Every structure is written in C-alpha cells, then in structure tokens.
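Down below is the structure, laid out as structure tokens.
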4 protein chains.
Amino acid sequence: MAQISRKEQATATRDKLLETAKNLFAEMGYHGTPVRAITRQIQKGDGILYHYFPGGKQEIMAVLLKESFEHRVREIKQLTNETIENLPLRDALLVILGKIRELFLNDLDLMRILFRENDLFDLVEAKQLSVMMSERVESIAEFLRRRHVRGEIRAMNFTFAARQLLSMWMQYTYSAIVGIKMVPEPDMTAYMEEMVDFTLSLWQP
Amino acid sequence: MAQISRKEQATATRDKLLETAKNLFAEMGYHGTPVRAITRQIQKGDGILYHYFPGGKQEIMAVLLKESFEHRVREIKQLTNETIENLPLRDALLVILGKIRELFLNDLDLMRILFRENDLFDLVEAKQLSVMMSERVESIAEFLRRRHVRGEIRAMNFTFAARQLLSMWMQYTYSAIVGIKMVPEPDMTAYMEEMVDFTLSLWQP
Amino acid sequence: MAQISRKEQATATRDKLLETAKNLFAEMGYHGTPVRAITRQIQKGDGILYHYFPGGKQEIMAVLLKESFEHRVREIKQLTNETIENLPLRDALLVILGKIRELFLNDLDLMRILFRENDLFDLVEAKQLSVMMSERVESIAEFLRRRHVRGEIRAMNFTFAARQLLSMWMQYTYSAIVGIKMVPEPDMTAYMEEMVDFTLSLWQP
Amino acid sequence: MAQISRKEQATATRDKLLETAKNLFAEMGYHGTPVRAITRQIQKGDGILYHYFPGGKQEIMAVLLKESFEHRVREIKQLTNETIENLPLRDALLVILGKIRELFLNDLDLMRILFRENDLFDLVEAKQLSVMMSERVESIAEFLRRRHVRGEIRAMNFTFAARQLLSMWMQYTYSAIVGIKMVPEPDMTAYMEEMVDFTLSLWQP
DNA sequence: GATGAATGAGATTTCATTCAT
DNA sequence: AATGAATGAAATCTCATTCAT
C-alpha cells in the first residue's frame, strides 16, 4: 500500500502552501489575498500556514519568491551555455529568444508578483532580474560581434542591436505578464520567427 | 484678497482627494492604501471621502482612473495631428517617440495603477490603452511607407519596422512604470537620439 | 400672482419635514431612518431639519408624535359625543366601531410608530392610548347596560361584553398596524357588519 | 470534573450569540443594537460573531429567527393533538387558550422581533405565523361544531365564534408583545377563566 | 431661511495571528 | 502535524450634527 511518510506529507503540505500562495498573490495581489484564501484552498485549518512559516504571510511571500526565483535561475543556467556558437545564425537567435521566453513565461505567476509588488516590497529578486537582463544583452552583443567577424552580419552598434532584438521580444512578453496587450497575439513561435527574419533582413552585411 | 467661493473650495477638496488617492494607489497599491491615508494627507476628517464619493474607495478608484485617463487622452489628441510630414525623418521620429513618452510618462501614477491593478479590476482603461497602441503602430507604419516612397528609407515590412522602433522605446518606458530597470538609465533624450540613429542606420536605402 | 409669504413658506417646510419623518419612521423605523433620508425627500439641504428642530432627530420624533397624537385626539373628541343613544342598537355599534377604526387607522403611520418604538422610547402617547382604550371600554359597557335596561339585550357582564366586541375589531386593526395578518381581509365594512350581527345574535335577550 | 470538548464549547458560544442577539434585538430593535453590544455581553472579542455568522448582523438575525421559530413550532406541534375531545368544554377551551398563550408568550423576544421588524425585513416567519393562526381558527371552529352536535352549545357561526374567543385572548397577548396595555392586566389565568366563563354563558344552548 | 461641506464618533466588518486542544 | 476558536487592531463606512456662507 502506498504509505506516505510523515516527512513526505509535511513537504507536500508546505509545497502546496507555496504554490497556492503564488497563484493567489499573482491573481489578487499580496494585500488582496487573505491568508484564509490560501489555507482554505488547500483544505487545511487556519493555523497551518504558521506551522510551516512562523513569520506568517510576509514569510511565505519572501520564501516563495526566493525559492521560485532560484528554481527559475537554476533552470535557466542549465539551458544557458549550450552550443549556439555552431548553429546557423537564424537558429541561434531563435534559441536565444526561446530561452528568454522560458525565463519570463515558464513561471508567469512569479513574474506577475515580481512586477506587481516590486516597489511595494523593494524585492531583491526584481533587482537580480534587471542585472540578469543587462548581462544577457551584453552576452548577445558579444555573440553578434563574433558573427560579424565571421561575415554573417554587417558592422553596427552590437549592444543596440542586441537590445533591439530583445526589446521586440520583451514587448510580447510584457503583454502576458501585465495583462495589457500591446501587440497582436497570434501564434507565439510564428511571431518569433517573423520577427527574427525581419531583424536579420536589416542586419544583412 | 483671494476670496474662494464655497463651490471652488469643494472642487478643490474633491480634486485633492483624487490626486492624493492616485499618488497613494500608485505607490502602495489599491489594497495597500487605507482610506484614512488619503483623508489624513489632505488634512480632512474621515468621512469626507464619502461625501464626494459615496461609493467609497471603489468609486474614487473608478473615478480617478476615468478622469485621469480621459484627461490624458484629451492631451494626446491635441498633440497628435501635428505636421510631422514635413519634418526631416530623424526629427519626425523623435517627435513621435516624444509623444509616446508623454502618453505614458506624463502621468506615471496613472500608468502604474493601470499596470498594477489591471487584472485585479479588469480595467476598461487598460483595454483602451492597448487599442490606442495598436492604432499608433499602424499610423507609424503608414508614415514610414510614405517616407519609403520619397526614397528616404528602404523597402521592408513597415508594420514590423514601426513595432521595432516602438518596442525599443517602450522597453525604456516599462522600466519607469514597473520599477524593474532592464535598460541602462542614462539621460532619456540622449538615449532616444542614439536609438533613433541606430535604427535609421539600419533603415538606410 | 400667488405670493407665498415667508411665514407660510416656513410652515409648509416644517410640515413637510414632520410628514416625511412620520412616513419614514413608520416604514423603516426610527433607527433605520437617516436624517438625510428625510431632508432629501423634501429636496432640501442637510441642515434644514436643525433649523426647525434644533433638538435634531429626537426632537422631530417627539414633536411629530405629540402633534399627530393631539390632532388625532382632537378629531376623535369631535366625533365622540354624538347621539348614538337614539340610534338602533345595531347602528349604534357600527358607529362606535367606525370611530375606533378611525382612531387607529386614519393615521396608520402614527400607530405604527407608537407600536414599534414604544418600548424603545417609553412613549407617553402609547400610555395615553392605553388609557383612552380602557375608558372607551367602560363607556361602551355603560352604553350596553342602558340598552339592557331598555330590554334590547340580555343581562351579562357588560364590561366583558364591551371588551369582546372591541377585541374582535381590534384584531382586525392590529393586522393593519403590525403587518401580520391574522384575520382574513375581505371588505372591511362588510366584515364589521357580519361581526356585529354575530355578536348581537349572542346578546339577544 | 466537567470537561467540555472544543466542539461543545463552540456550540455554546454560538448559542450564546443567538440568545443574546435575540434579547437585544427584542429590547432595542435591530437597528438599535450594535454588534458590539452582543459580543460584549458574552464577553468575547469583536470578531467572534463573524466567525459563526460570516454574513454578520443580517445573518445572525436571519438565523435566530429561523431557528427560534422552528423550535417554537416544533414545541407547539408536540402539544397540539392532545385529547381535548374528551375534556369538559370549559376545560378544553382553557387548554386551547393555554396553548395559544404558549405559542406567543413562551418566546416573547421572538414575538417582539417578529412584530417589530416584520415590515422592515418582510419576514417569512411573520407570514407563517399568520397562516398558523388562520388554521388554528378553523380547527377550533370544527371543535366547536362537534360540541354543538353533542348539544353542549347552541348553533351559530362557528368560525366567528372561534375568532371571538381567540380575539379576546389575543388582545391580552398583544399587550404583552407590543407593550401597549389595552386590557387590565390582573392575574393571567384568572382572566382567562373569567373570559371563558363569560363566553360560554353566551354560547349556552 | 437655507445650504452642503465638513466632522468625528461609532458602527460594521475584515483579517493576520495566537494558542489550547 | 493540524485545527479552528478566539482575538483585537485596523479598515471601511455611516450618520447625526455643526457652521460658515
């Protein structure tokens, strides 16, 4: 018979708390979410949250951000240093953008919380995100420079070029996070390809 | 001596309520702002908000969004049909981006509320904003097409070109609204010019 | 031109206040009626009530009870000492019950207030009403005794007989005041006649 | 020692809330009773009422009426079909009136609320009460008819006779509920007997 | 005579948190 | 490990009343 150990049971409850809190904070905001909404959704008593997170609502918010964010970053890092060097340029750009998409949209709730509650709580995660993005821009710029050396694209300000590519994509991404659609929402990958093709046409040597 | 009529005094109070509510909602979020914080800031009694907005917190939120947004739109419309046709391309683009900046950043508080509380309240204003932006993209695309006919820029997908320009700029704008800086924040106009120059260099015939 | 003097205007406003307050207190109860409900219904400003009744809500309640009650009593007294002596018994009883009905139902709002708020305010009017009713019972008892002497009805405990008659009628009256119908509500005068006939049939010598 | 389980304790608190609310609503009216008055009287915190009645004041009002009324009706139903058939007429009538008295006066607070707040809340209970009373009249009429057949009372309109008896008694009852005494209030049972004797004297064959 | 802006006490209600069981 | 009864501070809202105009 499937016996669940006490420890497993405990971890399961803790995880359900974090998951549910994340959903609700993303949907209704931190201040708009009563602790009860969380505990009721996992069918437990009022006090359970304080058992796992003695610091209460604030603590579960902090923990979920930290854990979710770390988890995201770990995922990204695994994907990150793959060999795009040897891919054809178009494919390489698609891979890069695909990873960015994953970074932002694979945990949409996390991003929503980060965006919404950032200036309320002055979240370190938001700052880390900013840093990550700047680094990414630079690394893409470097990548483009190498491709230029290979004669695949023209000479230009590669940092701006990197920003240009990312910006167009981020526009798309923001829509999903913030809920304000500023870009037509057709098939996502189709749009990505069209965008890359357009950009490459401008970068031709 | 500056005599203020009773009616003027009343309007002033109402306006102060709206203004203060906007500030606080933008800063601490709707749920994070007690009604008291508003009335105390304008040095009035607890009940005054309900005198002007019988529907309470909800109503003042709705009214301030509606009035601020309408005011924004009115301002934009006035600026809108100016003669960019006859300006040099670079200047014309700078004017266009300048207007977009005004649309989003002249009332930063309004934008913050729109972005933050959109999925909480399903705000019509957010939807209108989306529509406005899509229309703007199309009108810029048309403008670029006309410039292409004049031989000033190369042939390309003008809708994408318009999006490309706007996206880069919006990236900048988002940073200010959401508080997550994904782009270095140097002098704003300098960045705008750099960006336009970079873009134009890619659009050369 | 129909000029209304200032005094008439003032009296009119005062009367409208009293009338409206009576309606609303009867309908929604004293505590359930905001002062604003009164002033708004007569299309005047918030403060007007305090102009005519400096004691505020309490005073208008006291005044309206006093004036309405006195008015009622004055009306009743006029009707009261008519010559029922010479009427046929049946007609005399109908006249008596008719008067009682007027006493209670001609100003239904007043009665509602008296019944509803009596133990909240320990109203003197309620007590006077009790006294009036007891006196009435005795005077009817006397009347019946005289009719017995004339041989029109049998000997019996006339006080109880008077109560019996009144009770049946009051049952009817209570229904209207309290809003709990305990008696079928056909045509009122028809019911009154039926009731009298039934009673007389029991009183036959 | 008398150990009280947690559940019992909870039920006790809930019951105390209902009981106290009933007392206070009857005494000071629904609108005249602050929620605090209830919680303070049972020596509990402000929030406790909302723990048991999430709908607040309105809900506790609704629940207490429903539960009290159902309880009353259940009690009445138990008493109802006893063997009055075989009692002497006078005793039978006294039993009947005694039950009516119990119906109305055993839970005086409930009746006060029903009478006072009926038109404020359009209470179903008040309507049920009306229906119950009408049925009662008919069942007494039937009873009287059977006694007539046995030759114990004269022929007459039995429905009216039943109403007559009840009315006299209800007069008495109303006084207690509404607080306006329209009938001398001596010893209750003495009055009841006198009344029955008087009525029977008129009903003699 | 009349207004309605303003007040502030107090009413209703919510909710994070504690703790005995 | 879990519960949910209980708390009380704080939030939202109502309303009788005042008073400058």
Side-chain angles (χ1 to χ4, degrees), chain A residues 6-7 9-10 12-14 31 33-40 43-58 60, chain B residues 3-7 9-14 31-39 42-59, chain C residues 6-7 9-10 13-14 31 33-40 43-58 60, chain D residues 3-7 9-14 31-39 42-58:
Chain A
R6 199 132 174 180
K7 216 170 211 171
Q9 173 62 35
T13 302
R14 202 191 102 108
H31 286 297
T33 305
V35 169
R36 276 206 150 179
I38 303 168
T39 53
R40 197 163 291 168
Q43 319 247 48
K44 292 254 150 57
D46 288 353
I48 193 66
L49 190 143
Y50 296 84
H51 187 73
Y52 291 99
F53 308 96
K57 204 183 175 183
Q58 282 203 316
I60 202 176
Chain B
Q3 274 296 10
I4 320 157
S5 83
R6 205 130 169 279
K7 225 168 208 166
Q9 175 60 41
T11 312
T13 302
R14 202 191 102 109
H31 287 298
T33 306
V35 169
R36 275 242 169 120
I38 303 168
T39 53
I42 66 166
Q43 316 245 50
K44 290 258 138 91
D46 288 353
I48 196 66
L49 191 143
Y50 299 87
H51 184 67
Y52 292 99
F53 307 98
K57 205 180 175 185
Q58 281 206 319
E59 187 183 342
Chain C
R6 196 131 176 184
K7 214 170 212 170
Q9 173 61 35
T13 302
R14 202 190 103 108
H31 287 297
T33 306
V35 168
R36 277 207 149 174
I38 303 169
T39 54
R40 196 164 289 168
Q43 318 247 46
K44 292 253 155 37
D46 287 355
I48 193 67
L49 190 143
Y50 296 84
H51 186 73
Y52 292 99
F53 307 97
K57 203 182 176 184
Q58 282 204 316
I60 202 176
Chain D
Q3 276 296 12
I4 319 156
S5 85
R6 205 129 169 278
K7 225 168 208 168
Q9 177 59 39
T11 312
T13 302
R14 201 191 102 110
H31 288 297
T33 306
V35 169
R36 277 242 170 120
I38 302 168
T39 53
I42 67 164
Q43 317 247 48
K44 290 260 139 90
D46 288 353
I48 196 64
L49 190 142
Y50 298 86
H51 183 69
Y52 291 99
F53 307 97
K57 207 180 172 184
Q58 282 206 319

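Bear in mind that the values here come from a model prediction, so they are computed numbers and not experimental data. In what follows, every chain begins at residue 1, and chains take the letters A, B, ... in the order their sequences are listed.
Nearest approach of T33(C) to A37(C), heavy atoms of both residues: CG2-CB, 4.4 Å. Annotation for H31(B) and H31(A): closest pair CB-CB, 3.5 Å, computed over non-hydrogen atoms.
The separation between F53(C) atom CZ and dA16(F) atom C1' is 16 Å, rounded to whole Å. Remark: C1' of dA2(E) and CZ of R14(C) are 17 Å apart, rounded to the nearest angstrom. For the pair H51(C) NE2 and dG4(E) P, the interatomic distance rounds to 15 Å; values are reported in whole Å. Distance, H31(D) NE2 to dT12(E) C1': 13 Å, rounded to whole Å. In this entry the distance linking CG of L49(D) with P of dT14(E) reads 11 Å, nearest Å. Atom pair K44(B):NZ and dT18(F):C1' shows a separation of 16 Å (rounding to whole Å applied). Atoms CZ (R40(C)) and P (dT3(E)) sit 13 Å apart, rounded to a whole Å. Atom OH of Y50(A) and atom P of dT7(F) are 17 Å apart (whole Å).
The listed nucleotides are dT3(F), dT21(F), dA16(F); the one nearest the side chain of R6(B) is dT21(F). When the nucleotides dG4(F), dA16(F), dA16(E) are ranked by their closest atom to the side chain of P34(A), dA16(E) comes out on top.
Residue R14(C) holds its CZ atom at 11.0 Å from CG of L49(C), rounded to the nearest 0.5 Å. To the nearest 0.5 Å, atoms OG1 (T11(B)) and NZ (K7(B)) are separated by 8.5 Å.
Y52(A) comes within 4.0 angstrom of sugar-phosphate atoms only, judged by non-hydrogen atoms across all strands, and of no base. Residue contacts shown for T33(B) are limited to sugar-phosphate atoms, with no base heavy atom under 4.0 Å away. Within the 4.0 angstrom heavy-atom criterion, base atoms lie near G47(C).
Residue-to-nucleotide proximity on DNA chain F shows that, of Q58(C) and I48(A), the 5′-proximal contact is made by I48(A). For the pair G56(A) and K57(D), both in contact range of DNA chain E, the more 5′-proximal nearest nucleotide belongs to K57(D). Heavy-atom distances to DNA chain F give each of G45(A) and D46(B) a nearest nucleotide, and the one nearer the 5′ end belongs to G45(A).
In this model, the phosphate group of dA6(E) is approached by a side-chain N or O of Q9(B) to a distance below 4.0 Å at OP1 or OP2. Contact between the side-chain N/O atoms of T13(D) and the OP1/OP2 oxygens of dA6(F) is found at a separation under 4.0 Å.
Across the strands present, dT17(E) finds its partner in dA6(F); the criterion is a Watson-Crick or G-U wobble pair with both atom distances under 3.5 angstrom. Nucleotide dT14(F) forms a pair with dA9(E), judged by Watson-Crick or G-U wobble geometry with both contacts under 3.5 Å.
For R36(D) against dG10(E), no side-chain N or O and base N or O form a donor-acceptor pair under 3.5 Å.
Heavy atoms of other residues, nucleotides or ligands lying less than 6.0 angstrom from CD of Q58(A) number 12 at most.
Between Y50(D) and V35(D) there is a side-chain heavy-atom pair separated by less than 4.5 Å.
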